[in-house]
Chemist: 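Please see the structure below; I have some questions.
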Amino acid sequence: MNLSRLLGRSPPEIPAGGRAYTKLHDGQWSVWVEADGAHRKVSPSFTRQVVAYDYLDWVTGVVPSFEYPEGMA
């Protein structure tokens, strides 16, 4: 399933001077954006680190879309 097509939108934006990163909390991985000293979660939670990194690649523009691996996240 292509999450970007399903949601009908582009990946979350990273403000100028901001950065995106992955974070592990309570056994769940997610992608966060830090900008102007504020941190906000921009992804769903994933149980697999590799899926969070795939999402991060989509957010940062490394890949054109994010493929959500059904049953694998």
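The first residue of the sequence shown is numbered 1, and numbering continues consecutively from there. These numbers were taken from a predicted model, which means no experiment stands behind them. Scope of the values below: all heavy atoms of this structure, side chains included, with no hydrogens, waters or symmetry mates.
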Chemist: Please list, chain by chain and in numerical order, all residues satisfying side chain to side chain contact (heavy atoms under 4.5 Å, CB included) with V63, sequence neighbours excluded.
Modeler: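 If we apply the side chain to side chain contact (heavy atoms under 4.5 Å, CB included) test to V63, skipping adjacent residues, the hits are D57, W58.
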
Chemist: Sequence neighbours left out, what passes side-chain hydrogen bond (donor to acceptor under 3.5 Å, both in side chains) with K41? Give chain and number order.
Modeler: S45

Chemist: Applying side chain to side chain contact (heavy atoms under 4.5 Å, CB included), name anything that partners E13, two or more places apart in sequence or on another chain.
Modeler: none

Chemist: Do V62 and Y21 belong to the same hydrophobic cluster, where Ile, Leu, Val, Met, Phe, Trp and Tyr are linked whenever their side-chain heavy atoms lie under 4.5 Å apart, directly or via other members?
Modeler: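 No, V62 does not connect to Y21 through the hydrophobic network.
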
Chemist: To check you understand the geometry: which heavy-atom pair defines the closest contact between P11 and V59, and what is its length?
Modeler: CB-CA, 3.9 Å

Chemist: Has Y55 got a side-chain atom pairing as donor or acceptor with V42's backbone, closer than 3.5 angstrom?
Modeler: yes

Chemist: Rounded to the nearest 0.5 Å, how far apart are CZ of F46 and OG1 of T22?
Modeler: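 The CZ atom of F46 sits 11.0 Å away from the OG1 atom of T22.
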
Chemist: Using the side-chain hydrogen bond (donor to acceptor under 3.5 Å, both in side chains) criterion, which residues pair with T60? Sequence neighbours excluded.
Modeler: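 If we apply the side-chain hydrogen bond (donor to acceptor under 3.5 Å, both in side chains) test to T60, skipping adjacent residues, there are no hits.
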
Chemist: Could you tell me which residues satisfy side-chain hydrogen bond (donor to acceptor under 3.5 Å, both in side chains) with W29, sequence neighbours excluded, listed by chain and number?
Modeler: none

Chemist: Quick check for you: to the nearest 0.5 Å, what is the distance between L56 atom CG and S30 atom OG?
Modeler: 11.0 Å

Chemist: Keeping to residues at least two apart or across chains, list the salt bridge (Lys or Arg N to Asp or Glu O under 4.0 Å) pairs with something in residues 26-35.
Modeler: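 Sorted result for residues 26-35: R19-E34.
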
Chemist: So P12 and V33, do their side chains get closer than 4.5 Å, heavy atoms only?
Modeler: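 Contact flag for V33/P12 side chains = no.
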
Chemist: Any link between W32 and Y53 through a network of hydrophobic side chains (Ile, Leu, Val, Met, Phe, Trp, Tyr) touching at under 4.5 Å?
Modeler: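 No; tracing contacts between hydrophobic side chains, which count when under 4.5 Å, never links both residues.
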
Chemist: Where do P15 and A35 come nearest, in terms of heavy atoms and distance?
Modeler: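 In terms of heavy atoms, the two residues are closest at CG-CB, 3.7 Å.
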
